[in-house]
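This report refers to the structure that appears directly beneath it.
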Protein chains: 2
Amino acid sequence: MVTIKDIAKLANVSTATVSYVLNNTRPVHPDKEKKVREAIKELNYVPNSAARGLRSKKNQTIGLVITDITNPFYPNLAKGCQEVLKQNDYTLMMYNSDEQHDQISNVVRHVREGKLDGIILANLVTTDIDNLKALNELNFPTVIVHRNLKNINMDSVVVDNYSGAHAGTEHLIGLGHKNIIFFQGINESPVTIERKNGYIDAMKTNGLEPCIKEGKGSYQASYSQTLKLINDESQKNPTAIFASSDIMAFGVMDAVKTQGLSVPEDISVIGYDDLFMSSWNSIQLTTVRVPTFELGKQAARLLLRKMNNDSEKKNHLVLQTELIIRKTCNPL
Amino acid sequence: MVTIKDIAKLANVSTATVSYVLNNTRPVHPDKEKKVREAIKELNYVPNSAARGLRSKKNQTIGLVITDITNPFYPNLAKGCQEVLKQNDYTLMMYNSDEQHDQISNVVRHVREGKLDGIILANLVTTDIDNLKALNELNFPTVIVHRNLKNINMDSVVVDNYSGAHAGTEHLIGLGHKNIIFFQGINESPVTIERKNGYIDAMKTNGLEPCIKEGKGSYQASYSQTLKLINDESQKNPTAIFASSDIMAFGVMDAVKTQGLSVPEDISVIGYDDLFMSSWNSIQLTTVRVPTFELGKQAARLLLRKMNNDSEKKNHLVLQTELIIRKTCNPL
DNA sequence: ATGAAAGCGCTAACAA
DNA sequence: TTGTTAGCGCTTTCAT
């Protein structure tokens, strides 16, 4: 293994000088710098990251915690983070576990081991608040993405879930729908709650009665729920369903079709997120677009800023959603 | 920050003893061990990973290189890796970049920096062979997953792409189809080549003429290609299309529907991979299932073994595919 | 079974 | 502008 000593020897300078040119931390005479650079190239030297980390307490790596890598919502967010992190010579470490608790404790351990310089937390559920507080009190650079936290003051970048849902509902109402059902996602998720509230308020403002069903954030649950809904006589027939995520909208639409009904002729459907397959020709889902890539980029940028300027006050960025009108909503 | 010295002091032992109990590397008197453990708990001590890494040249982290995290094929593979790695106290670092070259050089840099203890490479294209060879010569623990390499002897775990494609083609032929078109994926990918060969051989064996079209591994390209195919008069009408990945099959099916034809009544379609949405009710794609999760698990296991037993000869695991018959293929 | 101490490769304080 | 050197927190050799 080639070390800084080898470079120093070959270039006829001290290890300090090598370090200076490596990190640009002090002016170095051009001749010496040249020699050092040549030596580095000749021996194909790469600084050891553990040694660096031990000295400087920085590892150039930041952690991204997501609930489920399998959920097509996250990869783009991760990509966004990665793009800006990479530009700044940081590496992204992804933490993803179906067991919420496991995941957080893992990350906290790594933080305490000094492996991470900062973390980005994506869409945790409200039950994590305690862990979050602990992290916050450690004063460890952390930003929350895609989640709004009322009770705890942490940096965050989120999407305006409320107004996206409000706009989506208004769209349906504008089309003449009155009996609009909302499928909510995972119960504890603030994202779901905000979206639900946007829907409820839009309904009430228009003198309509909100009606919430459980979609549990999954295709399957939404599918069965829809089946039940359609076959339940006591249910006044809904003319539109607002699914609080695209995945759920897919389940809804598939169930509708199974029953010999069609979207949007019999039932209008609107989703939320705008996953990549929502624009496919066979789907053409009208939905509320969430700028996931941008969310990731902004989160990473904010984190980087915090890491360089610890004293800065807390930031709360809110990105806007966009209603994407495709072909799953008809006027009544 | 709590260090090993603090523990040693509090427990009235040497730092060596603390290290021994921490790593179980030497027998320690039960009394002392108890004291040490109490001290660790009391001070809430966690060993610093950089210091450990510097000393022991191990970082308990391994890298997974994938082409595109956005491709729904990979998350499950990553999950599989993560599951076994986590059980063995390793962390997974995901490298994913659309620019192939960038990605590899990044990983190689990290290897040389000593950040990684091993790497798993997923589905690279043939143009990476040089980088791969370099890695191989470094004798750095590496396993290739979902890729078959002829010219270079590296550990690998792959799926039997050839026979999966062969079986899929036979299925179509068994249904009476003769005019079966194969949509190939990304050109340089060995995976695509193997699948194509399986198709070609099955066709020839049955006295049929193979016909390959470019699907480029994407929904869009397959969509347009299918449109062209259907509207091209010179093309004798195909009765079945074998897409070498599900994503491409989706594009094919959507294009077919756009033309007023239907699957499987007018054209049978079969995919490859079995992505999560392939089983959705509106899709029900007949496909060749690739055990992605298992692929990841086996790759991680193999890597771990290599890391502990460097001298072991090269391993080449081949997992089997499974033909999943759903509803997109009709008898002719 | 245990402790003293060297040293992993690097950065940066201090001295020149 | 440059060099000497201490020391980051840990593992492990050597001695006991």
Side-chain angles (χ1 to χ4, degrees), chain A residues 1-40 43-61 89 109-117, chain B residues 1-40 43-61 89 109-117 307-308:
Chain A
M1 175 182 211
V2 182
T3 76
I4 204 172
K5 280 188 184 172
D6 301 318
I7 304 301
K9 194 176 290 176
L10 183 59
N12 250 313
V13 297
S14 71
T15 60
T17 302
V18 178
S19 178
Y20 298 148
V21 347
L22 237 31
N23 303 303
N24 233 319
T25 111
R26 273 221 196 323
V28 167
H29 189 90
D31 289 356
K32 301 218 174 196
E33 170 166 356
K34 188 160 165 266
K35 282 205 157 192
V36 169
R37 295 212 182 280
E38 283 170 359
I40 288 175
L43 300 186
N44 202 2
Y45 166 72
V46 177
N48 176 283
S49 79
R52 269 198 165 159
L54 179 56
R55 257 321 297 228
S56 61
K57 267 95 183 68
K58 298 272 162 246
N59 293 285
Q60 299 299 115
T61 118
D89 283 314
R109 210 191 71 230
H110 281 178
V111 165
R112 308 201 57 233
E113 281 178 354
K115 274 197 166 176
L116 266 18
D117 299 337
Chain B
M1 176 182 212
V2 182
T3 75
I4 205 173
K5 281 189 183 170
D6 302 316
I7 304 300
K9 194 176 292 174
L10 184 59
N12 250 312
V13 296
S14 71
T15 60
T17 302
V18 178
S19 178
Y20 298 149
V21 350
L22 237 31
N23 302 304
N24 232 318
T25 111
R26 272 221 200 319
V28 168
H29 189 89
D31 290 357
K32 301 218 173 194
E33 171 165 355
K34 188 160 164 266
K35 283 205 156 190
V36 169
R37 295 213 182 280
E38 283 169 1
I40 287 174
L43 300 186
N44 201 2
Y45 167 73
V46 177
N48 177 282
S49 79
R52 272 201 162 158
L54 179 56
R55 258 317 301 228
S56 62
K57 267 96 182 67
K58 297 273 163 243
N59 294 283
Q60 297 299 116
T61 117
D89 283 315
R109 210 190 71 231
H110 280 179
V111 166
R112 309 202 56 233
E113 281 177 355
K115 274 197 167 177
L116 267 19
D117 299 338
M307 287 168 38
N308 293 327

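Order of the sequence lines fixes the chain letters, A, B, ..., with proteins taken first and strands second; residue numbering starts at 1 for each chain. The analysis underlying the following values was restricted to heavy atoms, covering all of them including side chains, and did not include hydrogens, waters or symmetry mates.
With sequence neighbours excluded, the residues that form a side chain to side chain donor-acceptor pair (under 3.5 Å) with Arg37(B) are Glu33(B). With sequence neighbours excluded, the residues forming a side chain to side chain contact (heavy atoms under 4.5 Å, CB included) with Leu10(B) are Ala39(B), Glu42(B), Leu43(B), listed by chain and number. Under the rule for a side chain to side chain contact (heavy atoms under 4.5 Å, CB included), the partners of Lys32(A) that lie at least two apart in sequence or sit in another chain are Val13(A), Val28(A), His29(A). Residues passing the side chain to side chain donor-acceptor pair (under 3.5 Å) test with Asn44(A) are Arg112(B), sequence neighbours excluded. Under the side chain to side chain donor-acceptor pair (under 3.5 Å) criterion, Asn24(A) pairs with no residue, sequence neighbours left out. Residues meeting the salt bridge (charged side-chain N to carboxylate O under 4.0 Å, His left out) test with Lys34(B), sequence neighbours left out: Glu38(B).
Side-chain N/O atoms of Lys32(A) include one lying less than 4.0 angstrom from OP1 or OP2 on dG3(D). Side-chain N/O atoms of Arg52(B) include none lying less than 4.0 angstrom from OP1 or OP2 on dG9(D).
Residue pairs meeting the side-chain hydrogen bond (donor to acceptor under 3.5 Å, both in side chains) criterion with at least one member in residues 9-22 of chain B, sequence neighbours excluded: Ser14(B)-Thr17(B), Ser19(B)-Asn23(B).
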Under 3.5 Å, N/O pairs linking protein and nucleotides 12-16 of chain D:
unit_1  : atom_1 : unit_2   : atom_2 : d
dT12(D) : O4'    : Arg55(B) : NH2    : 3.3
dT13(D) : O4     : Tyr20(B) : OH     : 2.9

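Rounded to 10 degrees, the angle separating the terminal helix axes of the helix from dA1(C)-dT16(D) to dA16(C)-dT1(D), each built from five base pairs, is 40°.
The outermost nucleotides of DNA chain C lying under 4.0 Å from heavy atoms of chain B, listed 5' to 3', are dA1(C) to dG9(C).
Atom NZ in Lys57(A) sits about 7 Å away from atom C1' in dG9(D), given to the nearest Å. In this structure, Asn48(B) atom CG and dG9(D) atom P are separated by 7 Å, rounded to whole Å.
Of the residues in residues 3-12 of chain A, those with a non-hydrogen atom less than 4.0 angstrom from any atom of DNA chain C are Thr3(A), Ile4(A).
Within the 4.0 angstrom heavy-atom criterion, only backbone atoms of the sugar-phosphate kind lie near Val28(A); the bases stay farther away.
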